[in-house]
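Quick notes on the structure that follows.
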Amino acid sequence: MRRFLYTAWPSRVVFGAGSLAQLPDELERLGVRRALLLSTPGRADSARRLAESLGARAAGVYDKAVMHVPLAVAEDARRVARELGADCCVAVGGGSTTGLAKAIALTSGLPVVAVPSTYSGSEMTTVYGLTEGGLKRTARDARVLPKTVIYDPALTLGLPPATSAASGMNAIAHCVEALYAQDGNPITSLMAEEGIRALAAALPLIMKNPSDLDARSDALYGAWLAGVTLGTAGVALHHKLCHTLGGSFNLPHAETHSIVLPHAARYNRDAAPEAMARVARALGASDAPSGLYDLELRLNLETRLSAIGMREADLERAAKIACDSPYPNPRPVEVAGVLALLRAAFEGRRPEA
Ligand code: NAD
């Protein structure tokens, strides 16, 4: 007999090409008057243009968002929000920008409007992260959940194909782990399977033609679902490994996710047969781990940790850190198996079907 818990988080989603034009109406709906726009330095121009289009409704632009939300940046942004008398944050960008908005919301209670331009999914979760002294801490808090999310696939047209592919695999990883998460549930699983299907179909089309708006729309839809799965079910060994490799070895976030995923799936395959059957079905493959690996190849993604800065000498330490305080996982997490997994990812071997 089924027993499960499902928490539906309240957020309003406006989806569709051109939907960014609805930002003023959405701010009105929230009753806010002075929005602080947030972006990374690279996306400052588009944040500034958006601020101009908002006129008096924009309090200013803070364009110093960086990966993993360093505490010093969060504190600086909180100060700017206070000094400008902002009553809301609008995050225009990927997970790094949304993460900064969440850090502001955490201490100020300001509502967040997220306008995602990657497939990270952060906008649909109550998870926030802050990095201090090289250590990233993550936690959940309902205050940081964006009140409104505007998904405009037109904004993703400029996301370079390689970044799109890696970011899309990051989203697929949320879905895969939601399917075997300890606190998984049938509702989240529906979204996870559909998210994988949408992303796996759209990403190869984006690689062929990055301006394909239909494919961009499908990928963003998949990313939304992936974000919901991350927000409504936990994660397991794969995310633990990626947090370890990113946090302690400084490997790039999305690329690490895409390289590790087939191997983490292989590690868990026999312990989570129902989840793997759903992943395989969504990919149109006969086997989930090798199907994920083959998708990576189709997307021209790097398959070797060795190529993105991992040193062979550090594999054992990484395995030990990941096993020290493991996340719940369908197959018991033990050092020898995890080391073998990391070695396969280091060399980029195709998981056996
Ligand atoms: P990112 O936000 O760092 O963006 C990567 C780069 O792409 C940046 O330089 C950015 O300026 C640029 N960019 C973004 N959108 C673009 C576009 N449309 N066109 C051109 N360039 C664009 O990367 P990300 O992968 O979206 O986010 C990663 C961060 O998000 C990590 O810190 C990760 O831990 C966090 N994250 C958090 C959650 C959560 O639930 N809290 C979920 C997923 C990821």
Side-chain angles (χ1 to χ4, degrees), residues 9 11 20 38-47 50 63-71 73-74 91-103 105-106 112 114-131 135-146 149-175 177-178 195 206 210-211 213 216 219-220 223-235 238-247 250-258:
W9 293 109
S11 74
L20 182 58
L38 307 174
S39 77
T40 53
R43 306 283 294 158
D45 284 350
S46 43
L50 192 56
D63 62 8
K64 296 184 198 135
V66 288
M67 191 82 101
H68 303 314
V69 199
L71 184 61
V73 176
V92 193
S96 300
T97 310
T98 308
L100 182 60
K102 287 174 161 181
L106 183 69
V112 173
V115 185
S117 64
T118 70
Y119 307 133
S120 83
S122 171
E123 64 281 353
M124 296 310 295
T125 82
T126 59
V127 181
Y128 68 90
L130 282 166
T131 303
L135 206 68
K136 181 170 177 178
R137 285 183 304 108
T138 60
R140 292 181 187 250
D141 193 311
R143 275 177 301 177
V144 308
L145 182 77
V149 182
I150 299 181
Y151 284 110
D152 186 340
L155 293 182
T156 63
L157 291 174
L159 191 65
T163 318
S164 305
S167 182
M169 290 301 291
N170 181 191
I172 289 178
H174 302 331
C175 297
E177 294 237 296
I206 291 170
S211 313
L213 192 56
R216 289 291 190 178
L220 201 57
W224 164 22
L225 295 173
V228 178
T229 71
L230 186 66
T232 56
V235 289
H238 167 79
H239 280 77
K240 177 72 192 187
L241 282 170
C242 293
H243 293 163
T244 303
L245 295 172
N250 220 16
L251 300 197
H253 176 82
E255 289 76 6
T256 305
H257 267 276
S258 92

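Numbering of ligands and ligand atoms starts at 1, following listing order.
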Which ligand 1 atoms does [X] reach within 4.0 Å, using its non-hydrogen atoms?
X: G94; result: 2 (O), 26 (O)
X: T40; result: 10 (C), 11 (O)
X: T125; result: 39 (C), 40 (O), 41 (N)
X: V127; result: 39 (C), 40 (O), 41 (N)
X: G158; result: 19 (N), 20 (C)
X: M67; result: 3 (O), 28 (C), 29 (C), 31 (C), 32 (O)
X: L230; result: 40 (O), 42 (C)
X: L155; result: 18 (N)

[X] to ligand 1: N or O pair under 3.5 Å?
X: S117; result: yes
X: K136; result: yes
X: G121; result: no
X: T156; result: no
X: H68; result: yes
X: T118; result: yes

> Counting heavy atoms only, which of M124, R43, H243 comes nearest to atom 12 (C) of ligand 1?
Replying inline: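 Looking at heavy atoms only, the winner is R43.
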>> Looking at non-hydrogen atoms alone, which of A223, A44, A171, G95 comes nearest to atom 27 (O) of ligand 1?
In response: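 It is G95 that holds the nearest heavy atom.
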>> Tell me whether R137 at atom CZ has more than 12 heavy atoms from other residues, nucleotides or ligands lying less than 6.0 Å away.
In response: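 Incorrect, the count does not exceed 12.
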>> Out of the candidates S11, P116, P146, only one should pair with M124 under the side chain to side chain contact (heavy atoms under 4.5 Å, CB included) rule; please name it.
In response: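 Looking at S11, P116, P146, the match for M124 under the side chain to side chain contact (heavy atoms under 4.5 Å, CB included) is S11.
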> Which residue holds the protein heavy atom closest to atom 38 (C) of ligand 1, what is that atom called, and what is the gap in Å?
Replying inline: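 Answer for atom 38 (C) of ligand 1: S122 CB, 3.4 Å.
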> Looking only at protein heavy atoms, which one is nearest to atom 43 (C) of ligand 1, and how far off is it?
Replying inline: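 The closest heavy atom on the protein side is S120 O, 3.3 Å.
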